[in-house]
Amino acid sequence: MGILLGLFFIGLGYVIKMNPDLIAGYNTMPEQKKKNVDIAGLSSFMKKGMIVIGATLVVSYTLLLMTGYRHFFTLILLPVILGGVGYIVLKSQKFDRNGGRSRYVTIGLLALVLVFVLALTCYSFIPTRVIVTEEQVEFTGNYGLTLPKQEIGSVELAESIPEIKFRTNGISLGPVQKGRFRLDTWGSAHLLLNSFSGPYLVITRKNGERLVFRGSSVAETGEAFRLLK
C-alpha cells in the first residue's frame with residue numbers, strides 16, 4: 001500500500017507538469033490573471049514536491065516493512081503528506097503575481113484542514129471503553145458500535161489473532177487499529193485495538209462476523225471479558 005501510494009504521488013507530479021490546467025485555482029482563473037502566473041515554474045515546483053513526497057513514502061514503507069514495523073506507517077503517512085502538501089501550497093504562492101487575498105484564503109483553509117486531521121488523530125488514540133448493560137454491549141469512541149446481546153454467539157479471550165492484511169474502512173495508527181479490517185483466515189472483522197499484543201476479547205456474532213477488542217491494558221481487556229461472560 002505504501003509503495004503504491006508513493007508511486008501515485010510521483011506519477012501525479014509528472015501528470016501535473018504535463019497538464020498544468022489540472023492545478024486547482026489556476027484552472028479556474030480568468031485568462032487575464034493566468035498571464036500573471038509563472039505556470040512553467042509552478043508546474044515544475046509542484047512536480048518536484050510530489051516526487052519528494054512519493055519517494056519519502058516509498059522509502060519509509062520499505063524500511064518499515066523490512067524491519068517488521070509496517071503498522072507504524074500511518075504515523076509517518078500523515079505528517080509527510082500534510083507537511084509536504086502544506087509546504088507546496090504555501091511556497092507556490094510566489095509564482096502568482098496577481099496578489100490579492102486569495103493566498104490568505106488558501107493558507108486559512110490549509111490550516112483548518114491540518115487542525116481537523118490532528119483532532120481526528122488525537123480522538124482515535126482515546127481508548128475504547130466497554131459498557132455492558134442488560135440488553136446490549138456498547139464500545140465507545142471512534143469506530144465504536146453498539147451490539148445487542150441477542151446477536152452474540154460466543155465470547156472468548158485469545159492470545160493472538162490472524163494477521164491483519166489490510167484496512168477496508170477505519171483508521172490504522174501504529175498500535176491503534178479501529179474499524180473494518182481484512183484478516184488472514186478470518187476474512188472481514190471489526191477491530192477495536194489499542195495494542196499490538198494480546199490478550200484479545202473476541203466476540204463472534206451469530207451471523208459469523210467477529211469483533212475484536214483490545215484495551216489499553218491487559219486488566220481492562222480481562223474485565224470486559226468478565227463482564228460479558
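None of these values were measured; they are calculated from a predicted model. Any value given below was found using the heavy atoms of this structure, including those in side chains, with hydrogens, waters and symmetry copies removed.
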_pair Trp186-Val202: side-chain heavy atoms closer than 4.5 Å_ = yes
*Treating Ile, Leu, Val, Met, Phe, Trp and Tyr as nodes and any side-chain heavy-atom pair under 4.5 angstrom as an edge, say whether Val58 and Ile51 lie in one connected cluster.*
no
_Qualifying residues under side-chain hydrogen bond (donor to acceptor under 3.5 Å, both in side chains), relative to Glu223, sequence neighbours excluded_ = Arg226
*Where do Pro162 and Thr185 come nearest, in terms of heavy atoms and distance?*
CG-OG1, 3.4 Å
_Test of understanding: clusters of I, L, V, M, F, W, Y form through side-chain heavy atoms closer than 4.5 Å, transitively. Do Leu157 and Ile203 belong to the same one?_
yes
*Report yes if the side chains of Ile3 and Leu7 come closer than 4.5 Å at any heavy-atom pair, otherwise no.*
yes
*Any Lys34 side-chain heavy atom under 4.5 Å of Val37 side chain*: no
_Whether the side chain of His190 engages the backbone of Tyr143 through a donor-acceptor N/O pair (distance < 3.5 Å, no angle test) should be reported._
yes
*When you measure from the side chain of Thr221 to the backbone N and O of Gly215, does any donor-acceptor pair fall under 3.5 Å?*
yes
*Just wondering, do Glu220 and Thr128 contact through their side chains at under 4.5 Å, heavy atoms?*
no
*Find out whether Ile152 and Val155 are in side-chain contact, i.e. whether some heavy atom of one side chain is under 4.5 Å from a heavy atom of the other.*
yes
*asked:* Tell me if the CZ atom of Arg180 is crowded by more than 12 foreign heavy atoms within 6.0 Å.
replied: yes
*Heavy-atom side-chain contact between Leu191 and Leu183 under 4.5 Å*: yes
*Side chain of Ser60, backbone of Leu57: donor and acceptor closer than 3.5 Å?*
no
_Heavy-atom check, side chain of Ile81 versus side chain of Leu5, under 4.5 Å_ = yes
*From Lys47 atom NZ to Leu42 atom CG, the distance as rounded to the nearest 0.5 Å*: 13.5 Å
*Do Phe181 and Phe166 have ring centres separated by under 6.0 Å?*
no
*Between CG of Asn142 and NZ of Lys178, what distance do you get to the nearest 0.5 Å?*
6.5 Å
*Look at the side chain of Arg214 and the backbone N and O of Ser197, then say whether any donor-acceptor pair between them is shorter than 3.5 Å.*
yes
*asked:* Please give me the minimum heavy-atom distance between Gly13 and Met50, naming the atom from each residue.
replied: CA-CB, 3.6 Å
_Main-chain N/O of Val89 paired to Ser92 side chain as donor or acceptor, under 3.5 Å_ = yes
_Test item: Asn207 side-chain N/O and Glu209 main-chain N/O as donor-acceptor pair under 3.5 Å_ = yes
*Side chain of Arg210, backbone of Ala189: donor and acceptor closer than 3.5 Å?*
no
*Note, Ile76 side chain near Leu64 side chain (heavy atom, < 4.5 Å)*: yes
*Is a side-chain N or O of Thr140 found less than 3.5 angstrom from the main chain of Arg129, in a donor-acceptor match?*
yes
*Let me see the working for Leu211 and Leu145 under side chain to side chain contact (heavy atoms under 4.5 Å, CB included), right down to the final yes or no.*
CA-CA 10 Å; Leu211 183 150; Leu145 52 78; 3.5 Å; yes
*asked:* For the NZ atom on Lys33, are there more than 12 heavy atoms of other groups (residues, nucleotides or ligands in this structure) within a distance under 6.0 Å?
replied: no
*Check the pair Val130 / Phe139 against side chain to side chain contact (heavy atoms under 4.5 Å, CB included), numbers first and verdict last.*
CA-CA 5 Å; Val130 182; Phe139 294 87; 3.6 Å; yes
*Which residue pairs pass the side chain to side chain donor-acceptor pair (under 3.5 Å) test when at least one of the two sits in residues 144-162, sequence neighbours left out?*
Glu151-Arg205
